[in-house]
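In what follows, a structure is listed as structure tokens, so that the remarks can point back to it.
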2 protein chains.
Amino acid sequence: MESAMNGGDGVYSYAKNSAYQRGVIDVAKNVINETIAENLDIGAFNSSKTIRIADLGCSVGPNTFTAVENIIEAVKSEYQSQIPEFHVFFNDHVSNDFNLLFTTIPQDKQYLAAGIPGSFYGRIFPEASLHFVHSSASLHWLSRVPKEVKDKNSPAWNKGQIIYAYSGDEVIRAYKAQHEKDMDNFLQARALEVAYGGLMVLTFPFNPNGSHPSERLVNLSFGLIGTCLMDLVKKGVVSEEKVDSFNLPLYFMSPQEIEAAVERNGCFSIVKMEILPPVRGHNNGNESLDHQLAGMMRAGTEGLIKQHFGEDILDELFDLYRKKMTETFIPSMAKSVEQGHLFVALKRKS
Amino acid sequence: MESAMNGGDGVYSYAKNSAYQRGVIDVAKNVINETIAENLDIGAFNSSKTIRIADLGCSVGPNTFTAVENIIEAVKSEYQSQIPEFHVFFNDHVSNDFNLLFTTIPQDKQYLAAGIPGSFYGRIFPEASLHFVHSSASLHWLSRVPKEVKDKNSPAWNKGQIIYAYSGDEVIRAYKAQHEKDMDNFLQARALEVAYGGLMVLTFPFNPNGSHPSERLVNLSFGLIGTCLMDLVKKGVVSEEKVDSFNLPLYFMSPQEIEAAVERNGCFSIVKMEILPPVRGHNNGNESLDHQLAGMMRAGTEGLIKQHFGEDILDELFDLYRKKMTETFIPSMAKSVEQGHLFVALKRKS
């Protein structure tokens, strides 16, 4: 079950429902510039006439193109004389809409472009080939749902819920174990692929150290889909069993958890970690907030929901979701002081 | 106007109508193996732990996967001990169906895969990055139709024809000039991209030295589309003007012409050139020959025809084409001694 964002350029496409993710890229721009200025060691790359940049979990444009252009500008400013060639690798699941991605690459791009299909939890690049890795709003998607939470006979069965935030400790532990395995695979693969001295910048929605996931609004936004699915059970539209066996492969790690993963791996040092300012005022033109939030959620989860429940429930589900957002989420959002994504910059040790 | 093959996996898809092109790959296998055994200088690549292979004009699978696997096996057998990693770059026009290509990459592949969108007549790879370039049945597609042949006021106006083979010298000269420009761009781009000692193997339908293109069956197979379009003019289905302004961007070069292009460029030496055995007995299961030939032609030219004439004429046109193939082409084919594709192997001079 792959968690690729919606393809195409229709009403519920990721391309048209990613203003928030664009906001994350904008608020991360300065800190990425700083990271590059303080840590990029172009001397280490001198033997390479090409600088290779990967965007992991790129989905479709235009956000990935903006992110990549920002990085290239920052890297270029580190070079005094001869600017190298840039080879940019756009990575996402095999089921990502690469056709749309490729046809929308800007004409005036200052790099050579490649698409890399496959999960970033495995090896997707040759050894020591990458100089800069970027991943924005992707690393909270696990490689899979931990199987215990779908198992009726397991103490970690996640009955009536589709995320772990509002479940018992057994469920949370199962998700945490999956996350640790995924992060270990992620860092192990990147340790092989990133050249010595190479940088990796990651931004993702997170859980603060020591806080319970149920306190985070980001969990509420996903959890409400579960509430809506249970409403559809009551209406007889879907079976309760079907909902009990559905979970989203999502985990929001804490700063401590990424520090621990980096330490377990041993090949990277954390050169910067900070909480980004919250994203505000990013929207799709004149659309009202409830439609925007529902559209964003649909672009990101429709694929998984469709695979499990079929296509027919989608309109009803997300209409219900939009209403619930208006009742529950939007008022909480207004009062919230919840901060933005976590930004972490890692450098490949030599 | 891009000449990408039909995407998807429908009745007229390239994926289902490329048994002939598969045949070309099969007959080229031995000569590619020989070329690698005789000319691959792995010592020159010692500084690279990764061998980078590009398939230019890959379209969709499975032919491109077969070609690449053959090459990797041949390259691997040159290594005594430590086998390098292989990074394979699948290249085709931006409008190629990369989504289908990526979802059909074999699970057990022994390489890392990338998609490279863009015309191979321009720069698409970093400098000195490629060790082996393969291109099968692609290089006869020009980057564009020479504009004189669409110009009513030019002596090279190609009235009533859609290829140059049956036209006057002015038209042939215009196509030849376009081909020379394209080959110069192709070789200039590859000279920058292929590492010293790197190999490039090209197979393409060709015109023998000194023979007139009208003598070649491959021209008849494309020319008959023009005949069918003129029949649709008589039936009032399309306007004569529309046919007069339509041309296929195709050129079949001769051994002398590729030799001349390689000499003009100066960065490659021809290490092997031979005519491949003709492709025989390749077909799509039990389909009759006329349906096969019409399906293959439709998969390769439908995109261009649709752009110019619209979708509505396609079924009628290719039904007519199938009938004409039965009357004219298939009988000639049976008697023909026409040989297969030309195979040319080039080595990047250091």
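Keep in mind it's a predicted model, so treat the numbers as computed, not measured. Each chain gets a letter, A, B and so on, in the order its sequence line appears, and its residues count up from 1.
- Between the CG atom of A/N99 and the CG atom of B/D97 there is a distance of 5.0 Å, given to the nearest 0.5 Å.
- More than 12 heavy atoms of other shown residues, nucleotides or ligands fall within 6.0 angstrom of atom NZ in A/K349.
- When each of B/S129, B/A114, B/G118, B/A128 is scored by its heavy-atom pairs under 4.5 Å with chain A, the top score falls to B/A114.
- In this structure, the portion of A/F89 lying under 4.5 Å from any heavy atom of chain B is its side chain and not its backbone.
- Within the 4.5 angstrom heavy-atom criterion, no atom of B/F90 approaches chain A.
- No more than 12 heavy atoms of other residues, nucleotides or ligands shown are found within 6.0 angstrom of NZ on B/K147.
- Here the CZ atom belonging to A/F102 is positioned 14.5 Å from the NE2 atom belonging to B/H93, to the nearest 0.5 angstrom.
- Judged as a salt bridge (Lys or Arg N to Asp or Glu O under 4.0 Å), the pairs with a partner in residues 116-136 of chain A (not counting sequence neighbours) are, in order, A/R123-A/E193, A/R123-B/E85, A/E127-B/K49.
- Looking at B/I116, both its backbone and its side chain come within 4.5 Å of chain A, counting heavy atoms on both sides.
- Put simply, CG on A/N96 and CZ on B/F98 are 13.5 Å apart, with the number rounded to the nearest 0.5 Å.
- Your options are A/P126, A/A113, A/S95, A/P84, and the one with the most heavy-atom pairs under 4.5 Å with chain B is A/P126.
- The local environment of CG in B/D184 is crowded, with over 12 non-hydrogen atoms from other residues, nucleotides or ligands closer than 6.0 Å.
- Looking only at heavy-atom pairs under 4.5 Å with chain B, the residue among A/L101, A/L100, A/V94 that has the most is A/V94.
- Surrounding OH of A/Y196 are at most 12 heavy atoms belonging to other residues, nucleotides or ligands under 6.0 Å away.
- Contact annotation for A/T50: only side-chain heavy atoms (C-beta onward) come within less than 4.5 Å of a heavy atom of chain B.
- A 6.0 Å sphere centred on CG of B/D312 holds no more than 12 heavy atoms belonging to other residues, nucleotides or ligands.
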